[in-house]
Amino acid sequence: MTPRDLLTRDLLVLFGLAGWALAVPHYGSPFVVSMALTCLMYVVLSSTWALFCGATRYLSLATSAFFGVGAYVSALGLETIGWVGSIVLGAAVAAALAVVMGLAVLHLRGTYFAMLTFGMTELIRHAVTYWEKQVTGTVGRVLTVVPEDGVVYLTVLALAVLALATSIVVRRTRFGLALAGIGADEVRAQSLGVPTRWVKTLGFALTAAFAGAVGAAMAVRWTYIDPVTVFNPFIGFQTVLIALIGGATTLWGPLLAAIVFSLLAETLRLQLPQLYMMALGALLILCVLYLPGGLASLRWGSLRGWGTAMRTWWTARRYEWSGDQARDEQRLKERRRAV
């Protein structure tokens with residue numbers, strides 16, 4: 001397929017999925033709509049995380065920091081600047097925070113970068129907690145003015161469509177090529193004239209802007225927020241897991257994994273809440289061992305290969321457990337002695 005054909009295919013898939021998601025509130029129950037809203041939230045977070053981290057190979061654990069900042073901006077400014085203004089301001093504040101954070105830590109890689117982003121997230125959470133205790137005298141915010149549920153759903157859906165459309169466009173631009181070059185060999189990219197420091201900072205800020213926007217939109221879902229809720233590290237960890245299991249270097253992998261995770265999360269939390277994290281860990285291990293490219297790399301040939309391997313393994317075990325292997329080995333030894 002030509003690049004134009006691939007772009008047309010991706011846009012058609014995007015519009016088809018958006019149309020299906022747009023129809024969910026009309027035929028789904030409130031529980032289904034709530035689950036779809038959570039799914040769309042993680043589509044935004046994991047897709048934009050993969051856009052930067054999947055291309056550059058930087059493992060960021062700061063998603064919950066940007067999400068929490070956006071949520072607090074919405075809680076503080078919703079009454080004065082309105083719904084759209086709070087979404088835009090949440091994205092802007094999160095992007096500004098990412099620029100400052102990126103200039104401080106993006107020269108590091110690997111474990112050091114991951115640990116510093118997580119540490120800065122915890123620092124922001126405790127700083128917000130300290131500020132509320134010392135300045136406002138209370139911890140948490142009550143959102144007295146909230147939009148209707150339909151408005152929240154449409155807003156998060158629009159953010160998900162915009163996040164995927166941004167991923168489609170960026171992957172086909174020089175900026176996306178620069179991000180991929182940094183992930184392949186940052187020193188070589190820099191020697192070829194790529195301003196790696198600013199490219200990484202802008203990519204990091206782009207990811208943070210979407211996280212801040214979706215945090216501002218999702219804040220009204222709780223009507224009461226506090227630092228423990230919106231700066232929850234689990235939001236960042238689950239975003240990373242979804243992107244990695246879906247395929248961090250692919251376009252549709254995070255979306256596919258977000259749908260699987262949303263269904264799995266709601267099912268296990270209702271029936272077997274203790275096994276939820278165990279299931280996530282097992283799924284991650286299986287993907288690393290048998291599907292390193294993520295769910296997006298799954299093909300019919302892979303399933304057929306797994307089926308052949310399982311049949312071969314079962315035939316060998318049955319041959320061993322039935323005693324035929326031991327008898328054949330004994331016969332072979334007797335023939336060698338006779339010779």
Side-chain angles (χ1 to χ4, degrees), residues 10 13-14 17-18 21 37-71 73 87-88 90-99 101-102 106 113-114 117 121 155-173 175-180 182-183 199-219 230 234-259 261-262 294 296:
D10 290 338
V13 172
L14 176 60
L17 293 174
L37 185 62
T38 302
C39 176
L40 291 173
M41 180 188 82
Y42 280 109
V43 167
V44 177
L45 295 177
S46 59
S47 296
T48 52
W49 186 93
L51 176 62
F52 171 72
C53 297
T56 61
R57 313 289 181 179
Y58 276 78
L59 182 62
S60 171
L61 298 178
T63 302
S64 57
F66 306 135
F67 183 91
V69 166
V73 168
I87 301 296
V88 174
V93 173
L97 176 63
V99 170
M101 187 185 298
L106 275 173
F113 177 77
T117 53
T121 300
T155 302
V156 179
L157 174 58
L159 290 174
V161 173
L162 182 60
L164 291 170
T166 303
S167 297
I168 292 173
V169 173
V170 168
R171 291 171 187 270
R172 290 168 170 81
T173 61
F175 179 67
L177 183 61
L179 291 174
I182 291 172
V199 169
K200 291 186 295 184
T201 303
L202 290 176
F204 196 47
L206 180 63
T207 299
F210 278 99
V214 77
M218 294 296 291
V230 295
F234 181 74
I235 296 174
F237 290 143
Q238 183 153 303
T239 298
V240 175
L241 285 176
I242 289 174
L244 293 179
I245 292 176
T249 60
T250 64
L251 174 63
W252 301 109
L255 181 144
L256 177 63
I259 296 174
F261 265 69
S262 298

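These values consider heavy atoms only, across backbone and side chains, with no hydrogens, waters or symmetry-generated copies. Just so it is clear, the model here is predicted, and its values are computed rather than measured.
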Of all the heavy-atom pairs spanning [X] and [Y], show the shortest one and how long it is.
X      : Y      : answer
Ala217 : Val156 : CB-CG2, 3.9 Å
Phe52  : Leu106 : CZ-CD2, 4.0 Å
Val43  : Ala160 : CG1-CB, 4.2 Å
Thr250 : Gly246 : OG1-O, 3.9 Å
Tyr58  : Ile182 : CE1-CG2, 4.3 Å
Ala62  : Ser60  : N-OG, 3.3 Å

Do the side chain of [X] and the main chain of [Y] share a donor and acceptor less than 3.5 angstrom apart?
X      : Y      : value
Trp49  : Gly236 : no
Thr207 : Thr48  : yes
Ser47  : Pro254 : no
Arg171 : Leu51  : no

ask   = Given Thr166, which of Val169, Leu162, Leu164 fulfils the side-chain contact (heavy atoms from CB on, under 4.5 Å) condition?
value = Leu162

request  = Sort out for me which residue in Ile235, Thr239, Thr121 forms a side-chain contact (heavy atoms from CB on, under 4.5 Å) with Phe67.
outcome  = Ile235

query = Do Leu45 and Phe210 touch side chain to side chain, with heavy atoms closer than 4.5 Å?
reply = no

ask   = Does Ala98 have any side chain to side chain contact (heavy atoms under 4.5 Å, CB included) partners at least two apart in sequence or in another chain, and if so, which?
value = Phe66, Phe204, Ala205, Ala208

message = List the residues meeting side chain to side chain contact (heavy atoms under 4.5 Å, CB included) with Leu17, not counting sequence neighbours, and say none if there are none.
response = Val13, Trp252, Leu255

How long is the span from the [atom1] atom in [X] to the [atom2] atom in [Y], to the nearest 0.5 Å?
X      : Y      : atom1 : atom2 : value
Leu251 : Leu14  : CG    : CG    : 8.5 Å
Ser64  : Phe234 : OG    : CZ    : 11.5 Å
Ser46  : Ile245 : OG    : CD1   : 11.0 Å
Phe261 : Leu256 : CZ    : CG    : 10.5 Å

key: Pair Met218-Leu40, side-chain contact (heavy atoms from CB on, under 4.5 Å): steps then yes or no   = CA-CA 11 Å; Met218 294 296 291; Leu40 291 173; over 6 Å; no

